[in-house]
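Read the structure below first, then the notes.
Below, chain A is the first sequence line, B the second, and so on; all start at residue 1.
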2 protein chains.
Amino acid sequence: MALKYYGMARVLTSAPGTEGHGRMAGVGVTIQDVARAAGVSPMTVSHVLNDHPHVRTETRERVLRAIAELDYRVNVAARNLRTGRTGTIGLAVPEVDRPYFGQLAAAIIAAAARHELKVAIEQTGASREGELDALALSRHRLYDGLILSTVGLGSADTELLKVDHPVVILGERIFEGPVDHVAMPNAEGAKAATAHLAERGCRRIAIVAGRTGDQVDVSSLRLAGYREAVDEAGLGFDPALVVPIDALTMEDAAAAARRMADSGLVFDGVFCVTDTVAIGVLRGLADRGVRVPGAVKVIGFDNVEEGAYTVPSLSSIDPDHALMAGTAVELLARRLAEKGQGKRPEVREFVSRWSVVARESTGG
Amino acid sequence: MALKYYGMARVLTSAPGTEGHGRMAGVGVTIQDVARAAGVSPMTVSHVLNDHPHVRTETRERVLRAIAELDYRVNVAARNLRTGRTGTIGLAVPEVDRPYFGQLAAAIIAAAARHELKVAIEQTGASREGELDALALSRHRLYDGLILSTVGLGSADTELLKVDHPVVILGERIFEGPVDHVAMPNAEGAKAATAHLAERGCRRIAIVAGRTGDQVDVSSLRLAGYREAVDEAGLGFDPALVVPIDALTMEDAAAAARRMADSGLVFDGVFCVTDTVAIGVLRGLADRGVRVPGAVKVIGFDNVEEGAYTVPSLSSIDPDHALMAGTAVELLARRLAEKGQGKRPEVREFVSRWSVVARESTGG
DNA sequence: TTGTAGGCGTTATCAG
DNA sequence: CTGATAACGCCTACAA
């Protein structure tokens, strides 16, 4: 279907300019050099660098001047070694190129900045090993702590989470885990989404979800909410309306929707376990000429930004990302502060709030 | 338009389990401890760690056993300090939550992994200061090198790029810059996109672009390509068809499209400077009941994954992200290898290839 | 094949 | 208010 013409790649190289790359400022300048230039001891420079209070203003200014002149930069590695901290937290997500995780990462970065923490993003590839790798990395003292957006780890892996640095699990809930976690209102949100479809008149509501294994993955948790809502609405649960897909991607979702339409399955509503899935479903239904919301109503979960711009625009459950991100960072920062104070307080769990965002896809 | 109901957030805390968080393995274990346990010198352990060849297999095994038993982890900070390298490159992008940059980041991470490099993602907020910050950070020796996706820096800032670590500029082209860069085929791609619209019968082709300032920003470069195509197709350039938006976001783009429809502007094709913009435009046109591709044809630039799933699906220019990402990392890795060898070879420039991806939005 | 000495650049501690 | 001393944990260079 997609037609392509090609243009050529090209590589150009140019000779080094005569302006020359002379001496680069700031290379290898140490705190010692600054101290010498300012006529003080290295310690004093360090004090200035770290905003210690007991430095005469005049001395401080002399030091700052020397720093500027020499274009001095602290060597972070040395500081990290000495202090045992890096000022960086890790964020492990399945894939940065999925809208939801991209938006989550942005929110976490913003929240971390408020705590003067930097964020390094790891990709776990949505696999158990990837997640374990991320855990290992922070054990290498690369990060002061880790925010882990799990999908691969299950309740069975709780032992592995007993590491010596703070970890906050984000997204799913690992029951009885030994670490803090920030969870989505998975069941409640899914229930609300499904109920919303029922209110809008749907009687045969399908759910498109990932294959459910462990009971703590998104799909299982949201499927549970779906079932509750279906029961409460008195619609009766029909297994044929549960449509499994291999990966929660637009591609798989679109294919599933086409199959649903082709198979003659009767349905007038679809709860998609994720907005990404919903976008795929919208596309799949369009491929078969199924009108949304006329013939079928669709709702997703995550309230991804793109959802406001699809045609029709996508109804969704908003789990308040900013709140989740902020809380995750907050919990981690608190643990970091507790470090060394020997405190070993209770495990904290935060379940975010949710809201139904009704847009065109449910006849909003 | 968007209706909301709310659910409540809740915080649960549980007492610390009696299973206890006893002694955590691996805390503060150093190479010395391992050496002692294995009955060798610390150096031997280091040799094993770094896969040096001259270690007897039996010794190596003894060491590995000790490492496993003590759950030893190298202290990365110490290693970095000693070696002067971090094994991490920085990637500075405007925002991770824009589809294009998320997908770019994923590609870079994959490419870097092939060179055994880790990637730390910085957000510059699409501002000049943000980009300068990223440059400064790597000067702090936090990263071995930096891939910088510029939008804020202009030709005037080339001086600032003369830093002591490798930098590769990605995306736009900074003319005569002293650093390597990987550029998009901006003008050529834009020209091809516009020509594609003309071939499909469009006579009044509009362009939605950011306000053009410096001549090296995406919008200016792509606008230039647009003009060329319009000229070559003999359509005549009409300034009224150049629609400026403040930010290259879906929101601004949708608003612009609505204004275009409302104002009575006559147009039958739209070249959007970016896929994100195009998605917004599709939405804006839908808001006004303008049929795509019936009444107006639309094409974007970037070939973002989402484009295949919009309704109608979005035609675009594919600049081959994987190739660009791979090349950027390749160039950086080469510079890293050259480091210390005193080589100061010519500046390299790579312009990616492009292809037209024709989908429904241009009547594909 | 293994081990010894020394220092990478910084800051905690404590003394002046 | 300022500074001397001593690590932090590892690896390069060389010696045994």
In whole angstroms, the gap separating P of C:dT11 from CZ of A:R85 amounts to 12 Å
Review point. Has the side chain of B:D97 got a donor or acceptor atom that lies under 3.5 Å from a matching backbone atom of A:G102?
Key: no
Is any side-chain heavy atom of A:M43 closer than 4.5 Å to one of A:H52?
no
To the nearest angstrom, the CZ-P distance between B:R73 and D:dC8 comes to 21 Å
Checklist line | Distance-only donor-acceptor test, B:R82 side-chain atoms vs D:dC11 base atoms, 3.5 Å | finding: yes
Ranking C:dC8, D:dC11, C:dT10 by distance to the side chain of B:L81, first place goes to C:dC8
note: A:N80, atom CG; C:dT11, atom P; distance rounded to Å ~ 10 Å
Hey, is CZ on A:R85 packed in by over 12 heavy atoms from elsewhere, all under 6.0 Å? no
Closest non-hydrogen contact found for B:V182 with B:M324 is CG1-O, 3.9 Å
Taken to the nearest whole Å, CZ/B:R62 to C1'/C:dT1 is 12 Å
From CE of A:M43 across to C1' of D:dC1 the rounded distance in Å is 12 Å
With the side chain defined as heavy atoms from C-beta on, A:I31 is closest, among C:dT4, C:dT2, C:dT10, to C:dT10
Rounded to whole Å, the NE2-C1' distance (A:H52 to C:dT10) equals 12 Å
Taken to the nearest whole Å, NE2/B:H54 to P/D:dA16 is 19 Å
inquiry  = Any side-chain N or O of A:T44 below 4.0 angstrom from OP1/OP2 of D:dT2?
reply    = no
- So what does A:N50 touch, heavy atoms closer than 4.0 Å: a base, only the sugar-phosphate, or nothing? sugar-phosphate
Taking D:dC11, D:dT2, C:dT10 as options, the one with an atom nearest any side-chain atom of A:T30 is C:dT10
Separation of C:dG9 atom P from A:L70 atom CG, nearest Å, is 14 Å
- Just to confirm, is there a sub-4.0 Å distance from OP1 or OP2 of D:dT2 to any side-chain nitrogen or oxygen of A:T59? yes
Ranking C:dG7, C:dT11, C:dT1 by distance to the side chain of A:R79, first place goes to C:dT11
When A:S46 and B:H47 are each assigned the nearest nucleotide of DNA chain C, the 5'-most assignment goes to B:H47
Looking only at C:dT10, D:dC11, D:dT2, the nucleotide nearest the A:N75 side chain is C:dT10
Requested in this report: For residues A:V329 and A:V119, determine if any side-chain heavy atom of one lies less than 4.5 Å from a side-chain heavy atom of the other.
Outcome: no
Contacts of B:A78 and B:T57 projected onto DNA chain C by closest heavy atom; the upstream (5') one is B:T57
